[in-house]
2 protein chains.
Amino acid sequence: MFSPLIKELIESLRCLPGVGPRSAQKMALYLLERDHQGADRLANALREALDKVGRCSSCRTLTEETECQLCQDPDRDAKSLCIVETPADVVAIESAGSFKGRYFVLLGHLSPIDGIGPEELGLDRLEILVQHNQVEEAIIATNSTVEGEATCHYIAEKLKTLNINVSRIAHGVPMGGELEYVDGNTLALALEGRKKL
Amino acid sequence: MFSPLIKELIESLRCLPGVGPRSAQKMALYLLERDHQGADRLANALREALDKVGRCSSCRTLTEETECQLCQDPDRDAKSLCIVETPADVVAIESAGSFKGRYFVLLGHLSPIDGIGPEELGLDRLEILVQHNQVEEAIIATNSTVEGEATCHYIAEKLKTLNINVSRIAHGVPMGGELEYVDGNTLALALEGRKKL
Ligand SMILES: [Zn+2]
Ligand SMILES: [Zn+2]
């Protein structure tokens with residue numbers, strides 16, 4: 001019923017998380033019927049982000065800059081490093097407001113089935129960063145899921161050989177929960193109650 | 001927390017219907033972290049659709065062709081014309097499978113507040129089409145909302161002066177409901193039970 005280009009637009013909208021065939025059709029028609037300006041802005045934003053966004057040379061978060069804003073901030077304590085799975089987790093912890101150190105973003109967790117090992121998570125880089133910045137404490141704030149716990153365990157063993165304090169964010173976070181959905185107060189408490197590994 | 005290009009991507013995703021700040025952030029990070037291929041396809045599809053999709057010269061539905069597939073189909077009865085609000089309504093009626101005529105797509109309904117009058121809905125073109133195709137029956141299948149009913153009434157008065165049968169899709173469709181969400185059987189019945197205006 002739809003012309004090839006409209007079909008293709010509907011299909012391609014389905015790459016978005018949580019968007020099924022019905023929402024994709026609704027979105028495509030909405031953009032074409034009623035919001036050309038928004039669609040144009042979105043097409044440009046996608047293209048630009050795809051072309052330019054890479055990873056921070058220091059913490060590996062997503063950014064189009066060589067080094068992200070947080071890593072460039074001289075007021076952040078480089079001796080305290082919080083290790084998280086995704087950029088969304090950085091946002092969640094920052095909004096809690098209690099952590100003044102820096103981050104290292106794994107962009108994932110260990111998942112042998114998906115071919116994601118220590119290399120893919122940049123753990124070599126993490127060791128170099130810890131030594132280079134003379135990090136004194138690493139707080140591991142991976143998700144409290146099975147994969148997040150396994151990743152935490154692996155990283156903890158590795159970092160302990162560097163003779164630094166390694167701690168785990170406290171389990172104020174509900175088990176099985178994903179960090180980015182936890183409210184700021186709980187996160188602040190969880191950071192406060194971290195325990196040495 | 002996010003770099004300018006990522007912020008812009010998150011903002012621009014909010015033009016999609018049903019996408020709030022949280023989903024937009026999730027979508028942007030998902031695309032950048034995990035689905036560059038999908039994001040690339042989406043950026044291309046959006047750009048192409050924006051550049052090329054216009055309106056069918058005959059029925060005014062959205063298409064990149066001069067005349068849409070349905071209007072080009074010689075097996076469709078040009079003497080029976082179904083008038084709907086949106087391309088999604090065409091899809092809904094086609095999936096019911098009982099209508100063998102052609103369509104006219106208003107791409108909206110009369111809405112003086114939004115500056116949508118008869119001209120914006122292409123009603124001049126509709127009259128020309130009716131005369132050119134020697135249409136014998138026009139079935140008005142605008143939504144059974146207040147605006148849809150008002151639009152139906154206006155069109156009916158206009159078409160009756162052309163001396164053709166004008167009918168309204170039967171109200172098997174629940175009042176206040178939008179056509180595109182009605183199941184095929186109900187739509188088939190509603191078409192069957194149309195009443196002359
Ligand atoms: Zn950084
Ligand atoms: Zn057409």
Side-chain angles (χ1 to χ4, degrees), chain A residues 1-6 8-19 22-23 25-53 56 61-65 68-70 86-88 90-92 94-95 107-108 180-181, chain B residues 1-6 8-19 22-23 25-53 56 61-65 68-70 86-88 90-92 94-95 107-108 180-181:
Chain A
M1 231 62 59
F2 293 117
S3 64
L5 290 185
I6 300 179
E8 169 62 15
L9 178 57
I10 294 171
E11 267 310 302
S12 63
L13 279 162
R14 295 202 47 199
C15 76
L16 297 171
V19 175
R22 196 130 197 98
S23 321
Q25 177 184 311
K26 200 180 178 69
M27 286 173 171
L29 292 177
Y30 174 83
L31 293 177
L32 293 172
E33 287 172 27
R34 286 191 255 171
D35 196 4
H36 275 219
Q37 211 183 336
D40 185 66
R41 182 180 175 189
L42 177 54
N44 286 339
L46 263 174
R47 180 56 57 211
E48 269 225 284
L50 276 173
D51 288 351
K52 298 183 184 158
V53 170
C56 172
T61 197
L62 295 170
T63 178
E64 68 270 20
E65 295 156 308
C68 76
Q69 293 297 332
L70 265 169
T86 76
V90 175
V91 174
E94 283 300 296
S95 72
L107 228 59
E180 66 169 299
Y181 298 107
Chain B
M1 231 63 60
F2 294 117
S3 64
L5 289 184
I6 300 179
E8 169 62 15
L9 178 56
I10 294 171
E11 267 308 303
S12 63
L13 279 162
R14 296 203 46 200
C15 76
L16 296 171
V19 175
R22 197 128 195 100
S23 321
Q25 178 184 312
K26 199 179 180 70
M27 286 173 172
L29 292 177
Y30 174 83
L31 293 176
L32 293 172
E33 286 172 27
R34 286 191 255 171
D35 196 4
H36 275 219
Q37 211 183 336
D40 185 65
R41 182 181 174 188
L42 177 55
N44 287 338
L46 263 175
R47 181 54 59 211
E48 269 224 285
L50 276 173
D51 288 350
K52 297 183 185 158
V53 170
C56 172
T61 197
L62 295 170
T63 178
E64 68 270 21
E65 295 157 306
C68 77
Q69 294 296 333
L70 265 169
T86 76
V90 174
V91 174
E94 283 300 296
S95 72
L107 228 57
E180 67 168 299
Y181 298 107

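Computation of the quantities below employed the complete heavy-atom set of this structure, encompassing side-chain atoms and omitting hydrogens, waters and symmetry-equivalent molecules. The structure presented is a predicted model; accordingly, all values stated were derived computationally and were not measured. Naming convention: chains lettered A, B, ... in sequence-line order (proteins, then strands); numbering from 1 in each chain.
- Heavy-atom pairs under 4.5 Å with chain B peak, among A:Ala28, A:Pro4, A:Ser95, at A:Pro4.
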**Asked** Would B:Asp40 and A:Leu46 satisfy side-chain contact (heavy atoms from CB on, under 4.5 Å), going step by step from the backbone distance to the final call?
**Response** CA-CA 8 Å; B:Asp40 185 65; A:Leu46 263 174; over 6 Å; no
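- Of the N and O atoms on the side chains of B:Ser3 and A:Glu65, not one donor lies less than 3.5 Å from an acceptor on the other residue.
- Only the side chain of A:Leu107 comes within contact range of chain B, with heavy atoms under 4.5 Å apart.
- Contacts between B:Asp35 and chain A at a heavy-atom distance below 4.5 Å involve the side chain alone, from C-beta outward.
- Using a 4.5 Å cut-off between heavy atoms, B:Glu48 touches chain A through backbone and side chain atoms alike.
- The neighbour count for B:Arg34 CZ, taken as heavy atoms of other residues, nucleotides or ligands under 6.0 Å away, does not exceed 12.
- Residues A:Tyr30 and B:Pro17 come closest through the heavy atom pair CD2-CD, 3.6 Å.
- Side-chain atoms of B:Val53 and A:Leu9, non-hydrogen and from C-beta on, never get closer than 4.5 Å to each other.
- Heavy-atom distances place the side chain of B:Gln25, and not its backbone, under 4.5 Å from chain A.
- Interface remark: B:Arg22 contributes side-chain atoms only to the contact with chain A (heavy atom separation under 4.5 Å).
- Put simply, of B:Leu62, B:Leu70, B:Thr61, B:Val19, the one with the most heavy-atom pairs under 4.5 Å next to chain A is B:Leu62.
- When side chains are defined from C-beta on, A:Glu33 counts as touching B:Pro87, because their heavy atoms get closer than 4.5 Å.
- In this structure, A:Thr63 and B:Ile6 approach most closely via the heavy-atom pair N-CD1, 4.2 Å.
- B:Leu5 and A:Glu64 make their closest contact through N-OE2, 2.9 Å (heavy atoms, listed as atom of the first residue, atom of the second, distance).
- For the pair B:Cys15 and A:Ala39, the tightest heavy-atom approach, listed with the atom from each and the gap, is SG-N, 4.3 Å.
- For B:Leu42, the parts lying near chain A are the backbone and the side chain together; criterion is any non-hydrogen pair under 4.5 Å.
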